[in-house]
Amino acid sequence: MSFVTRLQWFFKTRWLHYSVAIGLMTAVSLLQTIPPKMIGNTIDNIQKSNLTASELSQTALLLVGLALLMYVLVYVWITTLYGNSVLLEKLLRGRFMAHLTRMTPGFFQRNSTGQLMALATNDILAIGNTAGYGVMTLVNTVVGASVVIVTMISLIDYRLMLAALVPLPLLAVVISFLGRKVRARFLAAQDAFGKMNDHALESISGIRVLRSYVQENEDLAAFDRVTSGVMDRNREVSLINALFQPLISLIVGVSYSIGIEYGSYLVFQDEISLGQLISFNIYLGMLIWPMISFGEFINVLQRGNASADRVEKSFLQQPDVIDPGQPKRVDIPASIEMRGLTFTYPTAEHPSLRQISFTLERGGTLGIVGRTGSGKSTLIKQLLRQYPLAEEQLFISGVPVEAIAIDQVRRWVAYVPQEHLLLSKSIRDNIALGREDAADGEIAKAVEMASFAPDIAIMPEGMGTIVGENGVMLSGGQKQRLAIARALLMDAEILAMDDSLSAVDARTESRILQNIRKERAGKTTFITTHRLSAVSHADWILVLDEGRVIEEGTHEQLMHFGGWYRKQWDRQQMEAGLED
Ligand code: ATP
Ligand code: MG
């Protein structure tokens with residue numbers, strides 16, 4: 001049973017809880033066999049006219065006492081078992097989240113957010129359900145049925161028992177067939193649920209764009225198609241579900257009719273008493289629940305297995321970039337060098353960077369410019385170790401980057417991405433994202449350096465202002481400066497700014513750059529930009545085109561060279577002059 005092997009770790013740690021629950025369930029099943037026997041005996045006594053009043057009240061009291069005892073036992077095993085199932089869900093969600101945080105962008109390109117959310121919610125719920133409700137139904141089937149059958153044989157008559165249970169094998173065959181169907185249809189339903197998540201996410205986050213293009217009705221119609229898909233898949237699951245119970249009732253009906261016919265015959269033959277026949281019929285009734293349980297068990301197990309398949313598939317995916325077995329120690333990034341670096345995105349056909357070479361000593365500033373789509377962001381991202389890289393192409397302090405622990409490299413780099421990622425928290429928490437322990441003074445300094453202080457001063461709650469989902473409350477330029485302040489607070493060895501000044505005016509830009517030059521003296525900086533004034537002070541400038549370096553040098557050298565850089569510079573200066 002693959003479900004058990006997969007969750008071995010869990011069953012192992014919780015074996016005591018499971019044992020207690022199973023033990024109590026067994027005890028309840030055993031206790032349940034007593035009342036029918038007592039009722040049968042009483043009836044036989046009535047028939048033989050030797051039932052005393054005190055005996056009757058004693059029996060009645062015992063029945064009530066038994067019912068109370070079972071009430072307590074059932075309560076305990078239910079809470080124990082369901083405690084296990086919610087605990088399993090919690091543990092799995094934690095593991096899943098930890099897994100996601102280890103994954104690189106390639107993983108998230110392959111797996112959509114909606115599908116991942118479906119795994120974290122619905123699928124893990126189904127797995128937890130199997131570990132709780134599923135185990136209960138299994139134990140009920142095995143224990144309940146064997147206790148009843150043994151009691152039937154020992155207290156009544158084995159021939160009657162055999163005759164009444166003739167239809168059971170048929171039940172097993174049909175249920176296992178239905179179980180396979182459930183699994184396939186449940187997989188389809190979970191998949192459809194994931195797609196619906198994706199659509200909902202996209203519609204909500206893109207609501208402003210949808211509205212401005214008056215696409216609400218189209219989107220609603222599209223969403224309607226998706227939800228109809230989910231409904232249809234779930235209906236297909238419930239169609240199969242609905243077959244389990246009636247099937248069991250049918251089989252039980254057949255059993256009853258065999259039991260009563262053959263049982264009456266045995267009573268007439270004086271092989272069993274009337275009381276025994278009645279007890280037998282109560283026992284037969286008690287078999288209904290284990291049988292229903294069996295159907296439920298197969299049903300829940302198949303769903304749990306289907307979901308476990310899905311979750312496991314995700315767990316099996318490894319990050320694209322893996323840590324070296326024995327990382328080399330590098331204390332500080334004394335230099336950063338690319339040697340003929342060529343890089344292709346995992347999903348792309350052509351390289352986005354070709355034969356890039358440069359060396360940047362610690363404390364230097366590298367400017368990266370070029371047309372849109374030329375590979376500037378791609379080059380900067382190589383420092384973050386998000387994508388797999390061919391060996392011996394990127395060196396830090398002369399050591400190939402693949403030989404250095406990934407965490408170590410990432411800690412060196414403070415990255416200001418081109419598209420801003422803000423959390424729906426206060427401005428302060430957003431700035432202190434990488435350093436929650438930062439003192440107010442440090443934060444204020446970072447804010448000052450990023451020229452963000454005047455903006456905060458006019459915010460309704462200053463630093464405590466909540467920026468809304470992905471910073472909806474802030475202007476483009478404010479988001480950029482918040483992101484810069486966040487990176488500056490890290491005071492990291494390497495600052496990587498990807499087009500981070502595009503939404504601020506020229507004067508603010510030069511003020512921020514000046515602050516950075518002053519405060520970060522001795523540390524390394526990467527800047528990509530479309531506005532060349534942002535890199536004119538850089539120690540070295542690369543001009544990219546279609547992933548290749550087409551010009552490189554200092555500002556003066558490039559101006560002298562008179563290529564793309566020169567033309568672009570002249571044009572931008574002229575435009576700036578016109579604006580003034
Ligand atoms: P911009 O100035 O517009 O920011 P850029 O110079 O930063 O452009 P990049 O983002 O580095 O350009 O993109 C370089 C090339 O790589 C483009 O052709 C782009 O389509 C491709 N590319 C970027 N990101 C990915 C990705 N995740 N998967 C596949 N291809 C990508
Ligand atoms: Mg870019």
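Please read these numbers as outputs of a predicted model, since none were measured by experiment. One-based numbering along the sequence shown. Both counts, for ligands and for their atoms, begin at 1 and track the order of listing.
Between R6 and E312, at least one side-chain N (NZ, or NE/NH1/NH2) sits under 4.0 Å from a carboxylate O, which counts as a salt bridge. Classification of E236 and R233 as a salt-bridged pair holds, one side-chain N sitting under 4.0 Å from a carboxylate O.
At the shortest separation from atom 16 (O) of ligand 1 among protein heavy atoms lies S352 OG, 2.8 Å. Looking from atom 30 (N) of ligand 1 to the surrounding protein, the closest heavy atom is Y345 CD1, 3.2 Å. Protein heavy atom in closest approach to atom 17 (C) of ligand 1: G373 O, 3.8 Å. Nearest to atom 3 (O) of ligand 1 among the protein's heavy atoms is T372 OG1, 2.6 Å.
Checking S377 against D498 by side-chain atom types alone, a donor-acceptor pair falls below 3.5 Å. Checking Q109 against T347 by side-chain atom types alone, a donor-acceptor pair falls below 3.5 Å. Using modelled atom types, one finds no donor on one side chain facing an acceptor on the other under 3.5 Å when comparing T378 with Y387.
A pairwise comparison of heavy atoms in G106 and D320 identifies CA-OD2, 3.4 Å as the closest pair.
Which parts of ligand 1 touch Y387 is read off a 4.0 Å heavy-atom cut-off, strictly below it: atoms 27 (N). Of all the atoms in ligand 1, the ones that sit under 4.0 Å from a non-hydrogen atom of S377 are 4 (O), 5 (P), 7 (O), 10 (O), 11 (O). Within the listing of ligand 1, atoms 9 (P), 11 (O), 13 (O), 14 (C) sit less than 4.0 angstrom from a heavy atom of T378. Ligand 1 places these atoms under 4.0 Å from at least one heavy atom of Q418: 1 (P), 4 (O).
The angle that Q418 OE1 and S377 OG make at the Mg ion (ligand 2), rounded to 10°, works out to 90°.
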Quiz item: Should N129 and R303 be marked as a side-chain hydrogen bond (donor to acceptor under 3.5 Å, both in side chains) after you check the CA-CA gap, both sets of side-chain angles, and the distance that decides it?
Solution: CA-CA 9 Å; N129 206 14; R303 288 161 180 248; over 6 Å; no
Quiz item: Does the pair R481 and S451 meet the rule for a side-chain hydrogen bond (donor to acceptor under 3.5 Å, both in side chains), with working shown?
Solution: CA-CA 7 Å; R481 278 167 296 146; S451 261; 6.0 Å; no
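Distances between N or O atoms of K376 and those of ligand 1 include at least one value under 3.5 Å.
Residue contact annotation: T372 places no N/O/S atom under 2.8 Å from the Mg ion (ligand 2).
A cation-pi contact, defined as under 6.0 Å to the ring centre and within 45° of the axis, is absent between R571 and W564.
Put simply, atom 14 (C) of ligand 1 has protein non-hydrogen atoms near it, under 4.0 Å away. Distances from atom 27 (N) of ligand 1 to the protein include at least one heavy-atom value under 4.0 Å.
Note on ligand 1: K381 sits outside its first shell, no heavy atom being nearer than 4.0 Å.
Counting heavy atoms closer than 4.0 Å to ligand 1, residue T347 contributes side-chain atoms (C-beta onward) but none from N, CA, C or O.
In this structure, Q480 contributes its side chain and A503 its backbone to a donor-acceptor pair below 3.5 Å.
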